[in-house]
Structure formats: structure tokens, C-alpha cells
Amino acid sequence: MGKYKVGDKVLVKATISEVNDGTFPNMPYSATVVSKNEWKGVGVEKGKTIEIGEDAIADMTAEEAWEIAKKVFLYPSQGGFNATELEEIFGRTEHLWEMTPQAAKAKIEAWEAAKEIKVGDVVEAEGGIKAVVMDIQRQTFGVFTENGCIEEWYKSKVVKTRHHIDIDGLLKQVRGNKR
């Protein structure tokens, strides 16, 4: 008897080899199996072509899921999130293990998007000086400081605040364009 039972979900390593013509809408792909696997209780040999539907394709690779797990469980010095970041991303982390990799990925992406600094964001430098981001370069921001100066600040030395100024809207007003 095999190690799988009826109802078990398994992944098959396969490469999409053909998008079918639509004759069988439930099986839109042909795929070539990359390694020997058990699939739906049937042994699938390497090199065999199988017909698969959308629902048979995992929306996340094992490698992607593993990268998420490393970010969550490794120490920050090893590329993981620190305790404060984990709390910001997931809230209470006691039940994090119950979350699907897809849900964890969505929360991480939302948190990273919120942390991303864009033109118009107000940032704070060491020492508490605030400025509006006017230009984004590889390692620096061009900023307009609260003191009226135009400066270049290193990205690694600033923190995003919750404030944003609609620079595009202001420029439209200056040009005479209506919003």
C-alpha cells in the first residue's frame, strides 16, 4: 500500500509543455513530469506527459513557501524578520503556524508595500529632522526638509512616517491644471 490515502493532496513536479486548444476546458495544459511522483494515487514516471487543470497547479512553489518560512523563523542576522516586524506583519504570532503560505505571503507583501517609500512621503532622519521625498535614486532620496533645504539623504538613514504630501497634485496646481 502506498503512503497516500484517498483525499490527500500532492504536488507533481512538472513543466508545462503545451497549452491545449480548449477541447477539454477542465484540462487546459499538458505537462511533462520532471521527476517520478505519486499523483492522484497513480505512479507518474519522469518524462511522462499528463493532462492537468488549473486547480492542479499550486499557486506557489515550494521554494517560495520555503523563502517565506525562512523570513518568519530565522533570526534577523540570517535574513529573518525581527520580533517587532513580525508583530507589525502578523499581529499576534502565537497561531502563525496555522496560516497558509499564501496568506503569509499576502501579509508580508502588504507590509512591505506599506513600508515602501514613495515620492511625497514624509520621512524622518536620525535626529528627528523631517523631509518630503522629492526624488528617489538607487541609494538616496532627494528631499525637501522642514527647514526649506533641498538635500540628499541616504535611504538607510531614514524612517517613513505616516504622512504623505500629494506632490503630483501640487505640481498640477502650479502648472494650472485642475486635479
Should the heavy atoms of other residues, nucleotides or ligands under 6.0 Å from [atom1] of [X] be counted, would the total exceed 12?
X	atom1	value
Lys157	NZ	no
His163	NE2	no
Tyr154	OH	no

Would a distance-only check, ignoring hydrogens and angles, find a side-chain to backbone donor-acceptor pair under 3.5 Å from [X] to [Y]?
X	Y	answer
Lys155	Gln137	yes
Lys160	Glu116	yes
Asn82	Thr84	yes
Thr161	Val122	yes

From [X] atom [atom1] to [Y] atom [atom2], the distance as rounded to the nearest 0.5 Å:
X	Y	atom1	atom2	result
Trp111	Phe90	CH2	CZ	9.5 Å
Ile136	Asp121	CD1	CG	7.5 Å
Gln173	Asp166	CD	CG	8.0 Å

Minimal non-hydrogen separation, [X] against [Y], with atom names:
X	Y	result
Trp153	Val158	CE3-CG1, 3.5 Å
Leu170	Ile165	CD1-CG2, 3.9 Å
Glu146	Ile129	OE2-CA, 3.5 Å
Phe81	Glu112	CZ-OE2, 4.5 Å

Run the side chain to side chain donor-acceptor pair (under 3.5 Å) test on Glu151 and Thr145 for me, step by step, so that the C-alpha distance in whole Å, both residues' side-chain angles and the decisive distance to 0.1 Å come before the verdict.
CA-CA 7 Å; Glu151 298 178 356; Thr145 71; 4.8 Å; no
Test item: Val132 and Ile167 side chains (from C-beta on) under 4.5 Å apart, heavy atoms
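Yes. Closest side-chain heavy atoms under 4.5 Å.
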If you group Ile, Leu, Val, Met, Phe, Trp and Tyr by side-chain heavy-atom gaps below 4.5 Å, do Ile89 and Trp66 land in one group?
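Looking at the clustering, Trp66 is in a separate group from Ile89.
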Determine whether Ile68 and Phe73 fall in the same hydrophobic cluster, where Ile, Leu, Val, Met, Phe, Trp and Tyr are linked whenever their side-chain heavy atoms lie under 4.5 Å apart.
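Both belong to a single hydrophobic cluster.
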Which is it for Val119 and Asp135 under the side-chain contact (heavy atoms from CB on, under 4.5 Å) test, yes or no, and what are the steps along the way?
CA-CA 6 Å; Val119 170; Asp135 183 47; 6.0 Å; no
Candidate pair Gln78 and Tyr75, rule side-chain contact (heavy atoms from CB on, under 4.5 Å), full reasoning:
CA-CA 5 Å; Gln78 298 169 316; Tyr75 291 110; 3.5 Å; yes
Glu88 and Lys115 ion-paired at < 4.0 Å:
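Counted as a salt bridge, because a side-chain N and a carboxylate O are separated by less than 4.0 Å.
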